[in-house]
Amino acid sequence: VSDKGRINLSEMAAEWTECVIPERAWVDFKEFSGVLPRVVITCENLGAYIDLPASESTLVIYSPGADTEAAVALLKMFPTAMWMHFGDLDPEGIDIAKRIAGEIGRDMKLLIPFFAEEYLDAAKPVETAWGEIPDIPLLMALKEKERRIFQEVFMLDGRLLEALEIMQV
């Protein structure tokens, strides 16, 4: 809802599979109406954003790498929705999630599928040294091995939708 009227984002998403809203347009939004998302996922890579198998109660926000400003502003409009960050499991991805969490004043919750450890042996070397990380076994193993897992590997795993559903409970 804006001063110019209502825009039905659900219809737009149903027709085009996603809504591309220029920042100049959504900064004028006064509120969101209708059925609001229960879960909001910020996603740092475009391919994963486009293909993420999200349910109807989930809003996925493209947050391109370290350029989080627009995603943070939009995320703040859904203060009661559960938030998760889906990014690369590497130092940069964790830093992005930490930055978003700090800017929205929430605890960081990473979207790490239950099957992610199966990809540990195929993990790639890190380019940036690991810093401080949450006490999550997979992240600790990646840090110890100086490895990283790109989020795109999860996109081809048929269990991703199940993982998303489990994490949204």
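None of the values given here were measured: they were computed from a predicted structure.
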Would you give the length of the straight line joining atom CG of Asp95 to atom OG1 of Thr128, rounded to the nearest 0.5 angstrom? 8.5 Å
Is the closest basic N to carboxylate O distance between Glu127 and Arg148 below 4.0 Å? yes
Passing option when Met84 is tested against Val40, Ile41, Ile112 for side-chain contact (heavy atoms from CB on, under 4.5 Å): Ile41
Would Lys98 and Glu132 count as a side-chain contact (heavy atoms from CB on, under 4.5 Å) if you check the C-alpha gap in whole Å, the side-chain angles of each, and the deciding distance to 0.1 Å? CA-CA 11 Å; Lys98 285 179 185 177; Glu132 190 175 321; 4.0 Å; yes
Test log, rule side-chain contact (heavy atoms from CB on, under 4.5 Å), inputs Leu138 and Leu89: CA-CA 9 Å; Leu138 177 63; Leu89 300 178; 3.7 Å; yes
Only residue of Leu111, Thr42, Leu75 satisfying side-chain contact (heavy atoms from CB on, under 4.5 Å) with His85 is Thr42
Is the ring centre of Phe154 less than 6.0 Å from the ring centre of Tyr119? yes
CA sep, side-chain torsions, deciding dist, call: Leu110, Leu139, side-chain contact (heavy atoms from CB on, under 4.5 Å): CA-CA 11 Å; Leu110 300 171; Leu139 295 181; 3.7 Å; yes
For residues 56-72, tabulate all N or O donor-acceptor pairs below 3.5 Å that involve a side-chain atom, not counting sequence neighbours.
from: Ser57; atom 1: OG; to: Ser55; atom 2: OG; distance (Å): 3.2
from: Thr58; atom 1: OG1; to: Ser55; atom 2: OG; distance (Å): 3.1
from: Thr58; atom 1: OG1; to: Gln168; atom 2: OE1; distance (Å): 3.2
from: Thr58; atom 1: OG1; to: Gln168; atom 2: NE2; distance (Å): 3.3

Any residue meeting ring-ring contact (aromatic ring centres under 6.0 Å, His included) with Phe32, in chain and number order, not counting sequence neighbours: Phe29, Phe78
Is there a side-chain contact (heavy atoms from CB on, under 4.5 Å) between Ile166 and Glu162? Walk through the geometry before answering. CA-CA 6 Å; Ile166 289 168; Glu162 178 186 357; 3.9 Å; yes
Filter on salt bridge (charged side-chain N to carboxylate O under 4.0 Å, His left out), then keep only pairs touching residues 111-126, sequence neighbours left out; what's left? Glu118-Arg159
